[in-house]
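If you're wondering where the values come from, they're calculated on a predicted model, not measured in any experiment.
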Amino acid sequence: MSVGQLAGGRVPRAARHAARRDVLFIAAAAVMAVVVLVSLIGPFLAPYDPNQLYVGPVSGRPSAAHLLGTDDLGRDILSRMLAGSPTSVFAPVVVVILATSLGSVVAVVSAWFGGWVDAVLTRIIEVIFAIPGLVLAVLAVSMFGKGVIAPVIALSIAYLPVVSRLVRIGARTELGKPYMAALRIQGVGSLAICFRHLVPALLPAILAQAAIGFGYAMLDLAAISFLGLGAQPPSSDWGVMISSGQPSLLAGAPEQSVFPSLMVVLTVLAVNILGARVTEWAEAADR
Amino acid sequence: MSASTIRQLLGKLGALALTLFLSSVVIFSSILLTPGDPVAAIAGGRRPTPEMIEAIREAHHLDQPVWLQYLYWIGDVLRGDLGTSFLYKAPVVDLIAPRLGVTVLLVLYTIVLIVIFGIGSGILAARRGGAVDKTVLVATSVGVAMPTFVVAILLIWVFGRLLSWFPVYGAGEGLLDTLYHLTLPAISLAVLYIAYLSRITRSAIVAQQGAEHVDTAMVRGIPRGRIFRNHVFLNASPQILSISGATVAGLFAVSAIAEQAFGIGGIGSLLVEAAARKDLPVVQVLSLLLVALFVVLNAVIDVVVAVIDPDSAKSRRDA
């Protein structure tokens, strides 16, 4: 018998809602755990050599020997997806780490010093914001050539403004709170205030933003690979697999494109749910 | 228009000009930042012939100081001389002009879909609540994880192979046929933004529905439909516009993905092709065009929001 029934009423709506969201949260966390695990050890789990041609039939259906079928060159799709997972998952992670840490530093410096430092940094951020991520990535590719590295660096810069705007507002609010003044009056050093009090207070918001940023980075990087500017064949980055499977779609063999697409959508969906949850926690902690 | 509004507009215009100027400097400097000789960078990273080297040196004023090179470049671009592609052996303007129309049409088509279905489903979810609200919530959660290329793949599979209702390649001829051809590409671009706009619309309207002035209007016996139009939606619209505007302004860049997937010869696919071939003169001009479109569209949306709701513009400025 639940508490709600003991109290003689229905379970409160909010509680039921929270419980249901928890199921979603657990599912999302489980998906993410599997994705991270696969991207760490996936290449070793591959049942076939991912680049070996004609290990099975051309555009074969899923079968016991090839669980997700085979592609237009007779390569095992499951093995290719597993082999491609490190690039597909860790390239966005690098983007998020670079963008989040750099963006947070810019924001904290901006909020801390204010005045002309703030004005100059805000102007720079404004200019970066004016160049869409995809355009910056394309520009970087035409300068440094195709591959994963140029888009990763370009996107790390392109994502700076979103992080730094959010963190800057948070930092200014936090710095305006009475306890900050109290810390100063007590003679606590600037660096100590910054790293022991300001940054920890901002951390939940930064983490939430990082989770959402991972989703965007994954979509953008996969899109760039899909356009043929990112990871190059025979690499089995998911974006590359999706685009190289496009001709087979019309021949009635969707597996090569559709399975990696599902992985991208599932991963981004899971990370979005986690991000939303962390945002809720951050907001609840703020109240 | 009051003096402060005018001053505010002038300030915005100044900031806009500064942003455009600085981003054009960033785009220009890509030639300087490219590893190796600038002549090779302009020629597409290949070994140019002696005549080409001479032509490039002259066209890009490489014997002049860097800041003069920039001034020549931006001056030419502003006067409509977009330079020459040494890879395509054609003036850049001749490459862009025939491809611009189809991209503009595709983006407009996409915006129409986004506005109708995004705002529509958001309003539906907020007003009906219950099962409708939940269905929209689930659909939009999945929708915001559906990038253009995934939707394109699914559409090509379903419509190209299984149903054959819509063409999945090329842009067609004549307006109607072109629109018919652009339907699937527009859907593939729109899905993610429909989901995003739907969520923003829903939360903005739910926030307004709970406001005191809405209760007051109810008590006064104003018909529900009119309350919704005049008191709820109008008040929610600045938030809907300003948040979704920035995203929609980026459509011209994202259009490249749909163009590539559906084999449409627009400026997006030109940009991708030029980048793959390291044709910097073309990439620079297109980047500049896309950045200018993005910045100007954002500014226009800002002004529209300020006109609809002076208060929100003011409170944002103070934040």
Side-chain angles (χ1 to χ4, degrees), chain A residues 24 123-124 126-146 150 169 172-173 212 215-216 218-220 222-229 239 242-243 245-246 248-254 257-258 260-262 264-273 276, chain B residues 15 18-20 22-23 25-27 30-31 33-35 41 44-45 141-142 144-154 156-157 160-162 168-169 192 246 249-250 252-254 256-257 260-261 269 271-272 274-280 282-284 286-287 290-292 294-295 298 319:
Chain A
L24 206 59
R123 178 53 47 197
I124 293 173
E126 201 69 25
V127 171
I128 299 175
F129 180 75
I131 309 177
L134 199 60
V135 173
L136 205 60
V138 167
L139 201 58
V141 167
S142 34
M143 290 160 66
F144 302 107
K146 298 177 209 171
I169 292 172
R172 283 180 57 148
T173 321
I212 295 162
Y216 280 116
M218 182 162 216
L219 295 184
D220 277 351
I224 290 161
S225 292
F226 178 80
L227 291 174
L229 303 176
I242 295 169
S243 83
Q246 205 187 324
S248 311
L249 283 174
L250 294 174
S257 286
V258 169
S261 297
L262 280 179
V264 171
V265 173
L266 208 61
T267 311
V268 174
L269 195 58
V271 83
N272 281 352
I273 291 168
Chain B
L18 187 60
T19 304
L20 280 176
L22 290 174
S23 48
V25 170
V26 171
I27 291 169
S30 60
I31 285 185
L33 294 173
T34 302
S141 302
V142 178
V144 291
M146 296 281 276
T148 299
F149 58 95
V150 166
V151 183
I153 287 297
L154 295 178
I156 290 172
W157 176 37
R161 172 71 189 182
L162 304 178
V168 294
Y169 190 84
L192 197 145
F252 277 97
V254 189
I257 301 164
Q260 191 84 354
S269 48
L271 177 68
V272 171
R277 299 175 68 178
K278 299 187 91 180
D279 191 348
L280 259 179
V282 175
V283 173
Q284 281 187 318
L286 284 174
S287 305
L290 291 172
V291 168
F294 183 71
V295 173
N298 263 319

side-chain contact (heavy atoms from CB on, under 4.5 Å) partner of Met146(B), the single match among Val265(A), Val268(A), Val264(A), Leu269(A): Val265(A)
Any side-chain heavy-atom pair of Arg123(A) and Leu22(B) under 4.5 Å: yes
Most chain B-contacting option - heavy-atom pairs closer than 4.5 Å, from Leu229(A), Val258(A), Val141(A): Leu229(A)
Min side-chain heavy-atom separation Phe226(A)-Thr148(B) under 4.5 Å: no
Region of Leu18(B) that comes under 4.5 Å of a non-hydrogen atom in chain A: side chain
Value rounded to 0.5 Å, distance of OG in Ser257(A) from CD1 in Ile153(B): 4.0 Å
Residue Leu271(B) versus chain A: region with a heavy atom under 4.5 Å: both
Ala152(B), part contacting chain A, at a heavy-atom distance under 4.5 Å: neither
Point-to-point distance, once rounded to the nearest 0.5 Å, from CD1 of Ile124(A) to OG1 of Thr19(B): 12.0 Å
Heavy-atom contact with chain A under 4.5 Å, split by part of Val272(B): both
Top contributor to chain A interface from Ser23(B), Ser30(B), Ser269(B) [non-hydrogen pairs under 4.5 Å]: Ser30(B)
Short side-chain to backbone donor-acceptor contact, Gln246(A) and Ala261(B), under 3.5 Å: yes
Chain B contact via Ile242(A) - side chain, backbone, both or neither, heavy atoms under 4.5 Å: both
Val282(B)/Arg277(B) under side-chain contact (heavy atoms from CB on, under 4.5 Å): CA gap, chis, key distance, verdict: CA-CA 10 Å; Val282(B) 175; Arg277(B) 299 175 68 178; over 6 Å; no
Over 12 non-hydrogen atoms of neighbours within 6.0 angstrom of CZ in Phe294(B): yes
Portion of Leu192(B) that has a non-hydrogen atom of chain A nearer than 4.5 angstrom: side chain
Ala222(A), part contacting chain B, at a heavy-atom distance under 4.5 Å: both
Ala15(B) versus chain A, the contacting section by heavy-atom distance below 4.5 Å: both
Contact origin within Ile131(A) toward chain B - heavy atom pairs under 4.5 Å: both
